[in-house]
Amino acid sequence: MPQDIPLKFQVPDLDIPEREGGYARGRDGYEQILRAALNLLVDHGHQAMTMRRIAATCGLKLGNVTYYFPTREELVRALLDAIIRSYIVQFEAIQHEEGASAEARLEEICTLILEDIRTKKTSHVFPELWAMSNHDPFVMERVQELYVRARAVLNELIAELNPSLPDEEREVLALFISASMEGMTMFAGYRKPFEPRMRWIEKIAAKSFVSLARTLTSSELRDG
């Protein structure tokens with residue numbers, strides 16, 4: 001069984017933008033509330049993420065929470081924005097890494113995603129978001145935005161590796177790669193049965209996806 005090697009990539013839990021004007025003075029309270037909401041989502045699921053429970057977790061009065069976030073939807077919006085921003089920053093840094101080949105950057109993206117799946121936050125939060133998105137169009141829209149941004153990076157790297165592959169096929173391949181990795185959450189995520197073998201899975205994924213991105217042809221997809 002492979003040894004547990006420290007993660008190469010550490011995606012921040014949240015990336016909270018600076019607030020402008022007078023709101024800047026309340027950044028600490030704003031961030032405290034969002035982190036409390038995230039902790040509740042991770043530890044107890046989305047049903048526990050009520051305004052009252054968030055306030056209790058922060059040690060604040062409900063009125064203090066509603067001062068920053070008048071509705072739960074606004075709080076959820078800000079929380080998802082902060083989660084999404086943390087990934088986009090990482091994806092774009094790899095995408096524009098100077099001196100790195102397309103193969104190396106695709107391998108890095110795969111490693112980042114699969115390592116991140118092993119964290120408690122990601123293994124717990126994303127299944128909760130998937131469940132919420134089945135009933136909440138807003139959550140569906142925001143979650144899809146994250147995956148669209150992630151696939152855009154994959155799409156560009158595939159184009160570098162295989163410029164003759166048409167746009168439609170390239171988009172489908174990016175979707176396949178993304179979905180294949182995300183599907184590992186239930187099997188090799190935090191404290192899941194195959195988490196100890198995730199290092200092997202990372203190597204298999206990187207090798208397989210780079211080879212597929214480089215060699216797949218349109219005729220292979222459209223024949224038959």
Side-chain angles (χ1 to χ4, degrees), residues 1-15 38-49 79-80 83-84 86-91 93-95 97 100 102-134 139-140 142-155 157-158 161 171-216:
M1 182 175 296
Q3 295 180 349
D4 185 17
I5 304 171
L7 301 183
K8 177 181 179 181
F9 294 99
Q10 295 284 344
V11 179
D13 289 343
L14 300 172
D15 188 324
L38 177 63
N39 290 337
L40 284 171
L41 187 60
V42 170
D43 293 333
H44 303 288
H46 68 272
Q47 292 181 336
M49 202 173 60
L79 178 63
L80 294 186
I83 291 173
I84 289 169
S86 69
Y87 287 95
I88 299 307
V89 168
Q90 300 293 319
F91 292 153
I94 293 174
Q95 181 181 8
E97 188 175 336
E103 288 94 338
R105 283 177 283 141
L106 180 55
E107 288 184 8
E108 284 194 57
I109 288 286
C110 293
T111 301
L112 182 152
I113 292 171
L114 291 169
E115 285 193 340
D116 185 64
I117 284 171
R118 294 173 56 199
T119 66
K120 180 180 179 180
K121 179 209 75 175
T122 295
S123 282
H124 287 195
V125 165
F126 280 88
E128 290 292 331
L129 295 181
W130 299 336
M132 292 171 69
S133 70
N134 286 330
V139 175
M140 169 67 83
R142 301 302 285 132
V143 171
Q144 288 303 318
E145 178 186 344
L146 171 59
Y147 289 125
V148 166
R149 297 289 293 276
R151 290 197 302 273
V153 177
L154 294 173
N155 203 323
L157 293 173
I158 293 168
L161 287 166
E171 290 173 3
V172 171
L173 178 55
L175 174 62
F176 171 77
I177 292 172
S178 176
S180 297
M181 291 190 288
E182 293 295 332
M184 283 293 156
T185 304
M186 302 308 297
F187 301 100
Y190 177 76
R191 293 188 175 178
K192 302 298 183 182
F194 291 96
E195 182 191 2
R197 294 183 173 87
M198 184 59 98
R199 281 299 177 188
W200 290 347
I201 293 170
E202 289 173 17
K203 293 180 184 299
I204 292 169
K207 182 178 179 65
S208 301
F209 294 147
V210 168
S211 176
L212 189 59
R214 188 188 298 115
T215 62
L216 187 69

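Since this is a predicted model, take the numbers as computed values, not measurements. For this chain, numbers begin at 1 and follow the sequence in order.
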(request) List for me each residue that meets side chain to side chain contact (heavy atoms under 4.5 Å, CB included) alongside Ser180, sequence neighbours excluded, and say none if there are none. (result) Phe176, Phe209

(message) Working to the nearest 0.5 angstrom, can you tell me the gap between Asn134 CG and Met140 CE?
(response) 6.0 Å

(request) With sequence neighbours excluded, tell me which residues meet side chain to side chain contact (heavy atoms under 4.5 Å, CB included) with Glu107. (result) Ala206, Val210

(request) Mind running side chain to side chain contact (heavy atoms under 4.5 Å, CB included) on Ile177 and Arg151 for me, showing each step along the way? (result) CA-CA 9 Å; Ile177 292 172; Arg151 290 197 302 273; over 6 Å; no

(request) Measure the spacing between CD1 of Ile158 and CG of Leu216 and express it to the nearest 0.5 Å. (result) 9.0 Å

(message) Is any side-chain heavy atom of Leu161 closer than 4.5 Å to one of Thr215?
(response) no

(message) I'd like to check Ile84 versus Arg149 (side-chain heavy atoms, cut-off strictly below 4.5 Å). Are they in contact?
(response) no

(request) Hey, could you give me the NZ/CG distance between Lys203 and Leu114, rounded to the nearest 0.5 Å? (result) 12.0 Å

(request) Could you check Ile94 against Val153 for side chain to side chain contact (heavy atoms under 4.5 Å, CB included), going step by step and ending with a plain yes or no? (result) CA-CA 9 Å; Ile94 293 174; Val153 177; 5.9 Å; no

(message) Does any part of the side chain of Gln95, heavy atoms only, come nearer than 4.5 Å to the side chain of Ile109, both counted from C-beta?
(response) no

(request) Evaluate whether atom CD of Glu97 has more than 12 neighbouring non-hydrogen atoms of other residues, nucleotides or ligands under 6.0 angstrom away. (result) yes

(request) With sequence neighbours excluded, tell me which residues meet salt bridge (charged side-chain N to carboxylate O under 4.0 Å, His left out) with Arg105. (result) Glu160

(request) Identify the heavy atoms of Thr111 and Glu202 that sit nearest to each other, and give their distance. (result) CG2-OE1, 4.0 Å

(message) Please check if the number of heavy atoms outside Phe9 that lie under 6.0 Å from its CZ is greater than 12.
(response) yes

(request) For Ala131 and His46, work out which heavy atoms get closest and say how close. (result) CB-CE1, 4.5 Å

(request) List the atom of Leu154, the atom of Ala174, and the distance in Å for their closest heavy-atom pair. (result) CD1-O, 3.7 Å

(message) Could you tell me if the side chain of Leu146 sits less than 4.5 Å from the side chain of Leu129, heavy atoms only?
(response) no

(message) Given 3.5 Å as the limit, does a donor-acceptor pair link the side chain of Ser208 with the main chain of Ile204, or not?
(response) yes

(request) Would you name the heavy atoms of Thr185 and Lys192 that are closest together and state the gap between them? (result) O-CG, 3.6 Å

(message) Tell me if a side-chain donor or acceptor on Ser86 pairs with a main-chain N or O of Ile83 at a distance below 3.5 Å.
(response) yes

(message) Quick check for you: to the nearest 0.5 Å, what is the distance between Gln90 atom CD and Leu112 atom CG?
(response) 6.0 Å

(message) Applying salt bridge (charged side-chain N to carboxylate O under 4.0 Å, His left out), can you list everything that pairs with Glu103, at least two apart in sequence or on another chain?
(response) Arg214

(request) Kindly compute the distance separating CD (Glu182) from CZ (Phe126), expressed to the nearest 0.5 Å. (result) 7.0 Å

(message) Among residues at least two apart in sequence or on other chains, which ones pass side chain to side chain contact (heavy atoms under 4.5 Å, CB included) with Ala48?
(response) His44, Arg53

(request) List the atom of Glu195, the atom of Tyr190, and the distance in Å for their closest heavy-atom pair. (result) OE1-C, 3.8 Å

(request) Measure the CZ-CH2 distance between Phe194 and Trp200 for me, rounded to the nearest 0.5 Å. (result) 11.0 Å

(request) Provide the closest heavy-atom pair for Ala150 versus Phe91 in the form atom of the first, atom of the second, distance. (result) CB-CE1, 3.4 Å

(request) Would you indicate whether the side-chain heavy atoms of His124 and Arg191 approach each other to under 4.5 Å? (result) no

(request) Name all residues meeting the side chain to side chain contact (heavy atoms under 4.5 Å, CB included) criterion together with Asp116; count only those two or more places apart in sequence or in a different chain, and write none if there are none. (result) Val11, Tyr87, Thr119, Lys121, Thr122

